[in-house]
Amino acid sequence: MKLLLHYLKAYRLILFRQHACPRGALLWAYTRLLVQAHRAGKRGSRRSGPYSILLFGKRLYFTSYIFLLYQFEEIFVLDCYRAKTAGEKRFIVDGGSHIGVSVLFFITAYPGASVLAFEPDPQAFHLLQLFVQQNKLHQVQLVNAALAATAGTVSFYAHEELGRLDAGTFTAGAQTVALTVPTVQLSTYLTQPVDVLKLDIEGAEVPVIAELVASQKISDIGELVLEFHPAINGEPAPFLSLLEQEGFQATSTTSADLYENTTDYLLHFTRR
C-alpha cells in the first residue's frame, strides 16, 4: 500500500506540476518504466548483464530497476534540473552523469543543446557510453574522469552493487571498492559560455566550484544546480557567500514532495 501511494503521488506531480519535458511523454515514460520493472520483478533476477528500456525515444542501459526508478523520479518527476532562466540552452555541463539519466533529461528538455558529461565510475561510464553510442547522440561529449580541484588521480569508492547512486571520492564504506580514477579541472574544458552547470558529484561540488572561482571561469556559468551534502561539506553559508560574491543568488529545494527523511538538498543558483 505504501508503494502504491508513492506511485500515486508521483503521478499527481506529473499531472499537476509544470515540467521541462512534455507531460504526455513523461506520463508514458514513467508508466512504461513501472510496468517493465513490475514484470522484471515477477520474473526474478535470472538475467545477467544490463537491462535496457526505451524512454523518450532513446534506449537507456542500466542494471537495477530500483535505482533507475529513483533517478527517473528525482530527475524527471521532481524536475530537479530544470533551468530557472528562460531562453534557448546551447551548452550544458553535466558533472556526475552516472548511466545517463540526467543526460537523457537535458537532451529531451533542451533538444538544441550540446552536453559535456563527466563520469568517473568505470562501470557506470560503460553504460553511459553505450547509451550515447547506441542512440547516436553526437551532441553529447563524454569524459571518463572525476571533477576535482586539481588534475591527477584520486581514490574513488564504487559500490559492489552496480547501480547505486552514491559512489564518489568521499563515500568509503564496508560495501565499497576503492578504485584509482583520473581527475580533471572543469575550468580546462570551458571554452564557451555554459547555460547550465549541473553537479552531482557526492561532496566534491565545493572544491570544484572553488577552482572555477580561482580560475575566473565561474564568469562563464549562467546557471548552476548542484546537490549539497551537509555531512561532507558542513554548513552551506561559506559556499553560498562565495557564489553570492560572484553575482549569483540561491534557492534550495528538497525531494520531500516525493520522499521522506531526505538530508541532502539541491541548491540552484541564477545570476542576479
Side-chain angles (χ1 to χ4, degrees), residues 45 47-52 60-72 74-75 81 92-106 115-135 137 140-190 197-212 225-234 263-264 266:
S45 55
R47 290 186 44 177
S48 61
Y51 300 98
S52 74
L60 189 69
Y61 299 86
F62 61 101
T63 58
S64 166
Y65 277 99
I66 293 174
F67 295 126
L68 178 59
L69 267 169
Y70 178 82
Q71 277 190 295
F72 189 93
E74 184 180 45
I75 295 172
Y81 298 141
I92 296 170
V93 176
D94 184 1
S97 300
H98 199 240
I99 63 169
V101 182
S102 53
V103 174
L104 177 62
F105 171 81
F106 287 127
V115 179
L116 174 61
F118 295 85
E119 175 53 48
D121 188 322
Q123 295 184 80
F125 185 81
H126 170 71
L127 298 179
L128 173 64
Q129 193 172 44
L130 194 61
F131 165 64
V132 170
Q133 291 175 347
Q134 293 298 314
N135 292 289
L137 302 179
V140 179
Q141 178 186 348
L142 302 180
V143 180
N144 186 197
L147 292 172
T150 58
T153 59
V154 71
S155 293
F156 181 88
Y157 301 98
H159 286 276
E160 294 176 351
E161 183 182 7
L162 178 61
R164 289 194 53 166
L165 310 176
D166 55 349
T169 56
F170 296 95
T171 53
Q175 302 300 318
T176 60
V177 177
L179 308 171
T180 299
V181 301
T183 61
V184 295
Q185 293 176 305
L186 180 56
S187 62
T188 62
Y189 285 82
L190 301 187
L197 167 60
K198 166 257 176 181
L199 295 175
D200 184 5
I201 47 181
E202 300 304 322
E205 293 85 357
V206 171
V208 167
I209 293 299
E211 190 275 323
L212 286 182
V225 58
L226 58 85
E227 189 168 357
F228 193 83
H229 306 269
I232 297 172
N233 294 312
T263 56
D264 298 333
L266 283 178

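Because the structure is predicted, anything quoted here is derived from the model rather than measured.
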Check whether any side-chain N or O of [X] sits under 3.5 Å from a backbone N or O of [Y] as a donor-acceptor pair, and report yes or no.
| X | Y | answer |
| --- | --- | --- |
| S187 | L212 | no |
| E211 | I209 | no |
| Q185 | A149 | yes |

Taking the side chain as every heavy atom from C-beta outward, state whether [X] and [Y] have any pair of such atoms under 4.5 Å apart.
| X | Y | answer |
| --- | --- | --- |
| V103 | L142 | no |
| P50 | L127 | yes |
| F118 | I201 | no |
| Y51 | Y65 | yes |
| D200 | Y81 | yes |
| Y61 | Q134 | yes |
| N135 | V140 | no |
| D94 | L116 | no |

Could you state the interatomic distance from [atom1] ([X]) to [atom2] ([Y]), rounded to the nearest 0.5 Å?
| X | Y | atom1 | atom2 | value |
| --- | --- | --- | --- | --- |
| T63 | I99 | OG1 | CD1 | 7.0 Å |
| I75 | Y70 | CD1 | OH | 9.5 Å |
| Q133 | L128 | CD | CG | 9.5 Å |
| F106 | S97 | CZ | OG | 8.5 Å |
| E119 | N144 | CD | CG | 7.5 Å |
| L60 | Q71 | CG | CD | 8.0 Å |

